[in-house]
Amino acid sequence: MRMRKSAEERRAEIVTAALVLIDRGGPSAATTTAIAQLVGVSQAAVFRHFPKKEEILLAVVERLADHVMPRLGKIAAETAGSPLERLRAVLDVQLAIVRDTPAMPALLFSRELHNENARLRSAVYGHIGRIHDLLAEILRAGTANGPFRADLDIDRAAFMIVGLLQGLVVRWSLSGRRLALLEEGQRMFDMLLDGLLANGKTAS
């Protein structure tokens, strides 16, 4: 006898199916009809768990945030060494997550996010803000005793690193995901460091 899945299990399946479809064709591909077919349920069953597609996309963002932030926080806290080494580690982890979760850039640069869904836009912006805050915390630690400049504008510097990440993700996506994301990220970060370090020279 087949056990009926709980509401939580079914919701998780729907979110997973949405991620697969977003990876294939962007958020517009994640229709309730396509999700229902992929999960193997009726469209009405999808609506029982998520009354609107907007709710599905919000659940996708929550899933991605739950996947990203604990890993970033853990690596930032546990990486031994200087703030610079912690910053490099966070950069590597963030890019590795993007590489392994291609639905993420498909959602971040979609029309649905930027033009059609204020709640979704707010949720994503809040997630970016948490990444910014984590980077700012590391930068702040590095301005007290080095290696970063004491007069560093921490807020803007953190956003510069976020911008570096986003630009790389765009290039990676446009290259057909052939760009060596982590390697290129560290090369570009080395160039950015000239403006962050107290001595103006890249450190390892």
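Since the structure is predicted, the reported quantities are computational estimates derived from the model, not experimental observations.
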Write down the atom of [X], the atom of [Y], and the distance for their closest heavy-atom approach.
| X | Y | value |
| --- | --- | --- |
| Ala29 | Ala34 | O-CB, 3.7 Å |
| Pro83 | Pro147 | CD-CD, 4.3 Å |
| Ala106 | Gly26 | CB-CA, 4.3 Å |
| His132 | Ala158 | CD2-CB, 3.4 Å |
| Ala18 | Ala30 | O-CB, 4.1 Å |
| Leu135 | Leu87 | CD2-CD1, 3.8 Å |

Legend entry - From CA spacing to verdict: side-chain contact (heavy atoms from CB on, under 4.5 Å), Val162, Gln166: CA-CA 6 Å; Val162 170; Gln166 292 174 338; 3.8 Å; yes
Inset, instruction - For a side chain to side chain contact (heavy atoms under 4.5 Å, CB included) with Leu165, tell me which candidate from Val98, Ile128, Leu91, Val90 qualifies. - result: Leu91
Inset, instruction - Run through Leu38, Thr31, Thr16 and flag the one making a side chain to side chain contact (heavy atoms under 4.5 Å, CB included) with Leu21. - result: Leu38
What's the separation between atom [atom1] in [X] and atom [atom2] in [Y], rounded to the nearest 0.5 Å?
| X | Y | atom1 | atom2 | value |
| --- | --- | --- | --- | --- |
| Thr32 | Gln37 | OG1 | CD | 10.0 Å |
| Leu64 | Met69 | CG | CE | 12.5 Å |
| Arg149 | Ile154 | CZ | CD1 | 11.5 Å |
| Ile35 | Ile14 | CD1 | CD1 | 7.5 Å |
| Arg63 | Arg11 | CZ | CZ | 10.5 Å |

Do the side chain of [X] and the main chain of [Y] share a donor and acceptor less than 3.5 angstrom apart?
| X | Y | result |
| --- | --- | --- |
| Ser173 | Val169 | no |
| Glu85 | Ser82 | yes |
| Ser175 | Trp172 | yes |

Distance-only donor-acceptor hits, side chain of residues 47-59, under 3.5 Å, sequence neighbours excluded:
{"from": "Lys53", "atom 1": "NZ", "to": "Pro27", "atom 2": "O", "distance (Å)": "2.7"}
{"from": "Glu54", "atom 1": "OE1", "to": "Arg119", "atom 2": "NH1", "distance (Å)": "3.4"}
{"from": "Glu55", "atom 1": "OE2", "to": "Arg119", "atom 2": "NH1", "distance (Å)": "2.9"}

Would [X] end up clustered with [Y] when hydrophobic side chains under 4.5 Å apart are linked, directly or stepwise?
| X | Y | answer |
| --- | --- | --- |
| Val93 | Leu84 | yes |
| Phe189 | Leu152 | yes |
| Ile138 | Leu192 | yes |
| Leu72 | Phe159 | no |
| Leu164 | Leu196 | yes |

Legend entry - Those residues that, when tested against His67, pass ring pair (Phe, Tyr, Trp, His ring centres under 6.0 Å) (two or more places apart): none
Inset, instruction - Could you tell me whether Glu13 and Arg10 have a side-chain N and a carboxylate O separated by less than 4.0 Å? - result: yes
Contacts of type side chain to side chain donor-acceptor pair (under 3.5 Å), residue [X], not counting sequence neighbours:
| X | answer |
| --- | --- |
| Arg171 | Glu184 |
| Arg99 | none |
| Asp133 | none |

Legend entry - Heavy atoms from other residues, nucleotides or ligands near CD of Glu62 exceed 12 (cutoff 6.0 Å): no
Does any non-hydrogen side-chain atom of [Y] lie less than 4.5 Å from one of [X]?
| X | Y | value |
| --- | --- | --- |
| Ile131 | Ile161 | no |
| Val60 | Ile22 | yes |
| Leu193 | Arg88 | yes |

Inset, instruction - Could you list the residues that satisfy salt bridge (charged side-chain N to carboxylate O under 4.0 Å, His left out) with Arg177, not counting sequence neighbours? - result: Asp23
Legend entry - Test side-chain contact (heavy atoms from CB on, under 4.5 Å) applied to Val68 and Met104, step by step: CA-CA 11 Å; Val68 171; Met104 191 181 297; 3.7 Å; yes
